[in-house]
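Notes follow the structure.
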Amino acid sequence: MREYLPILIVGSIIGVFAVIFVVAYAGIKNKKQAIGFDRNMPDGEILRRLLRYAMPYRRNFLVVLLLMLLSISYDLISPLLVGNIEEMIKDKFELADLFATVGIYAGILIVSMVCTYFQGIILQKTGQKILSALRQDVFTHIESLSHNQLNQIPVGKLVTRVCNDTNAISMMFTNILVTMVKNVFIVFGVLGAMLIKNYMLTLMILCFIPFLVLFTVIFRKFSRRVYRQVKDNTTDINTYLSENLSGIKITQAFNREQEKFRDFLTRSNRLKKSKQRQIFVFGIFRPMVYMLYISSVMCLLYLGGRGYIHNTVFMGQVVTGGTIVTFYMYISKFFNPIQTLAEQFNMLQSAFASAEKIFSVLDMEPELTDEPDAIELSEIRGEIEFKDVWFAYNPGEWVLKGVSFHIDPKQTVAFVGSTGSGKTTILSLICRNYDIQKGQILIDGIDIRHIKISSLRRHFGQMLQDVFLFSGTIRSNIALREESFTEEQIWEACKYVNADRFIGKLDDGLDEVVRERGNNFSAGQRQLLSFARTILHKPAVMILDEATANIDTETELLIQDSLEKMKNIGTMLIVAHRLSTIQHADNIIVLSHGVIQEQGSHQELLKARGRYYQLYTIQYEAQQL
């Protein structure tokens with residue numbers, strides 16, 4: 001028994017570490033339960049959903065699997081060949097036999113390298129296809145969300161989901177999963193080879209496996225927790241940057257750079273600490289696996305060295321010098337994949353954390369969907385009717401209260417009222433950006449809920465106060481990258497709204513570069529481009545929401561002229577605080593606190609001396625001052 005005392009001492013030391021980790025794990029588990037730690041989606045569910053994207057490429061993965069099996073032949077056979085060389089040198093040495101063995105070794109190595117190369121190429125191509133499909137699904141689903149849902153999600157968070165999180169998942173398909181499968185094959189292959197070579201030594205090495213499994217289970221719990229923290233803090237800092245870089249001009253205008261920097265530093269430090277915890281967890285686990293590897297090698301060398309590596313008997317089986325060399329290489333090839341699995345498990349947790357975030361977006365049910373029997377409208381006349389419409393953004397806080405009105409085709413109707421009276425809400429409801437709680441909204445006598453959303457919105461053209469221009473060119477912003485429009489059609493639309501006057505003065509005309517959000521154009525120029533965009537797409541109903549609010553007098557005259565022309569195209573709905581811009585409207589609807597107070601033409605409302613008369617008088621007197 002004394003001869004096995006060193007092995008028992010090594011086992012005792014490993015046992016002490018195991019007890020320490022179990023106690024630490026139990027403490028963390030209790031703490032998680034105390035604070036209500038949410039585990040969210042199980043790994044099995046995440047993997048099942050991700051594999052759906054891999055199924056179309058299962059043939060590629062089958063080829064990779066075959067290449068993998070060929071490549072691991074080197075890991076399984078090379079220790080036997082080296083052990084054979086050791087025995088060959090020790091006994092009768094024949095140079096021809098040595099050359100033959102070395103040739104076999106080199107051949108297996110070359111086959112393994114070639115298979116590994118083609119395996120990497122196939123995986124990278126397949127992974128990029130899977131990544132592209134996943135990104136398209138996420139982006140398409142985001143487009144399907146309602147305005148209300150998009151208002152609740154920070155833009156930076158959505159950018160993180162589409163870019164950062166999908167990249168982490170790409171790594172899983174191109175590297176992590178396949179390499180993990182390869183390492184599993186190597187581990188079991190090496191284990192089988194060791195059992196055939198010397199089952200008693202193999203059983204000695206297997207005594208370390210329970211500790212390895214224990215450490216892996218504990219590490220899995222810790223790593224999942226810290227990776228979630230890293231992902232959450234990364235999303236937080238991306239969201240903060242997206243918002244504050246967009247509004248950096250306001251920050252500079254009010255001299256709040258230092259305050260914003262302190263906010264950023266707080267989030268950055270939070271991310272740094274979570275990454276440090278991630279490194280700490282990994283820094284504990286891998287050395288423990290390495291300790292098990294070194295301990296197994298020490299036990300092997302002790303047993304071999306005890307008999308001077310010459311036909312040592314261990315539990316009834318002979319241990320030769322060749323056996324020691326073979327097992328030394330096998331132990332390395334047995335534990336190295338397991339150590340690599342630790343790193344890859346880290347990356348797999350990162351991919352799962354990213355996938356969980358992505359699926360949380362994909363699992364959001366769009367609030368606005370087409371009814372099963374929703375119809376497609378090829379064209380509309382522009383007749384609009386509200387029947388006792390009630391609407392609230394938040395339950396119980398009514399923005400519209402029993403609103404009813406009727407608009408004839410090609411009629412120009414203006415909505416007037418103080419801020420918060422419900423003017424913009426009415427325009428949003430007509431386009432079905434939100435669903436009403438009570439009442440009906442009819443287009444050409446058809447309830448808009450019975451019309452496909454894409455079909456409905458196709459017939460509307462919206463010109464808003466805050467015009468959004470995309471990075472690109474004037475041409476791409478007017479045509480919205482639709483290639484069916486000709487050069488003549490685009491210029492005709494520009495001339496119709498008087499936008500050709502400033503476009504013609506630009507060096508590149510329609511191909512003039514538009515920088516982010518169109519900041520190289522004035523507010524009036526952006527508004528004229530918005531008008532041209534609307535006219536080009538030939539809507540049956542045009543919506544102008546404060547479209548003339550922030551422009552100079554000269555540009556306003558151009559826009560007024562454009563509006564007169566646009567009245568002949570279709571129904572026009574206008575929201576304007578400047579009452580001078582709506583005097584020629586066919587009908588003016590005056591709103592207050594979500595209720596229609598009065599309606600009629602400009603002259604009719606002035607004669608009535610009601611709310612509209614008060615607003616007009618106030619503005620007229622203000623202009624005289």
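A parallel orientation is assigned to the rings of Y616 and Y612, their planes being inclined by less than 30° (bins at 30° and 60°). Taking the six-membered ring where tryptophan is involved, the planes of F405 and F386 are essentially parallel, since the angle between them stays under 30° and well short of 60°.
Taking a cutoff of 4.0 Å between a charged side-chain nitrogen and a carboxylate oxygen, R475 and D508 do not qualify as a salt bridge. Note on E257 versus K260: no salt bridge recorded, every NZ/NE/NH1/NH2 to OD/OE distance being 4.0 Å or above. For R48 and E45, the salt-bridge test passes: some basic side-chain N is under 4.0 Å from an acidic carboxylate O. The pair E598-R609 does not meet the salt-bridge criterion, since no charged nitrogen lies less than 4.0 angstrom from a carboxylate oxygen. Under 4.0 Å is where a charged nitrogen must lie from a carboxylate oxygen, and between R267 and D236 at least one such pair does.
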Would you sort out whether Q136 and S132 count as a side chain to side chain donor-acceptor pair (under 3.5 Å), showing the intermediate values? CA-CA 6 Å; Q136 289 176 18; S132 177; 3.2 Å; yes

Practice task
Report the C-alpha distance between T251 and R256 in whole Å, list the side-chain angles of each, state the deciding distance to 0.1 Å, and finish with yes or no for side chain to side chain donor-acceptor pair (under 3.5 Å).
Solution key: CA-CA 5 Å; T251 301; R256 309 302 293 176; over 6 Å; no

Criterion salt bridge (charged side-chain N to carboxylate O under 4.0 Å, His left out) on E604 and K607, from CA distance to verdict: CA-CA 5 Å; E604 290 172 347; K607 291 179 181 177; over 6 Å; no

| task | Could you give me the CA-CA distance, side-chain angles and deciding distance for S404 and D388, then say whether side chain to side chain donor-acceptor pair (under 3.5 Å) is met? | result | CA-CA 5 Å; S404 299; D388 192 29; 5.0 Å; no

### Query
Would S274 and Q229 count as a side chain to side chain donor-acceptor pair (under 3.5 Å) if you check the C-alpha gap in whole Å, the side-chain angles of each, and the deciding distance to 0.1 Å?
CA-CA 6 Å; S274 61; Q229 292 174 350; 5.9 Å; no

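Checked by atom type, the side-chain pair E379/H459 shows no donor-acceptor distance below 3.5 Å. No side-chain donor-acceptor contact under 3.5 Å links T571 and R381. A donor-acceptor contact closer than 3.5 angstrom is absent between the side chains of N519 and R526. In this structure, a donor-acceptor pair under 3.5 Å is present between the side chains of D447 and Q440. Under 3.5 Å, the side chains of N60 and T126 contain a donor-acceptor pair of N or O atoms.
Side-chain contact between M364 and I153 is present, with at least one heavy-atom pair separated by less than 4.5 Å. For the pair L544/F531, a side-chain contact is recorded, criterion being any heavy-atom separation below 4.5 Å from C-beta on. Two residues are said to be in side-chain contact when any heavy atoms from C-beta on lie closer than 4.5 Å; V541 and I380 meet this criterion. Side-chain contact between W491 and D500 is present, with at least one heavy-atom pair separated by less than 4.5 Å.
Side-chain rings of F173 and Y57 stay apart, their centers remaining 6.0 Å or farther from each other.
Heavy-atom neighbours of F139 CZ from other residues, nucleotides or ligands within 6.0 Å: at or below the threshold of 12. Counting non-hydrogen atoms of neighbouring residues, nucleotides and ligands closer than 6.0 angstrom, the CD atom of Q152 exceeds 12 such neighbours. Atom CD of E143 is surrounded by more than 12 heavy atoms from other residues, nucleotides or ligands within 6.0 Å.
Applying the salt bridge (charged side-chain N to carboxylate O under 4.0 Å, His left out) rule to pairs touching residues 434-443 yields R432-D435, sequence neighbours excluded.
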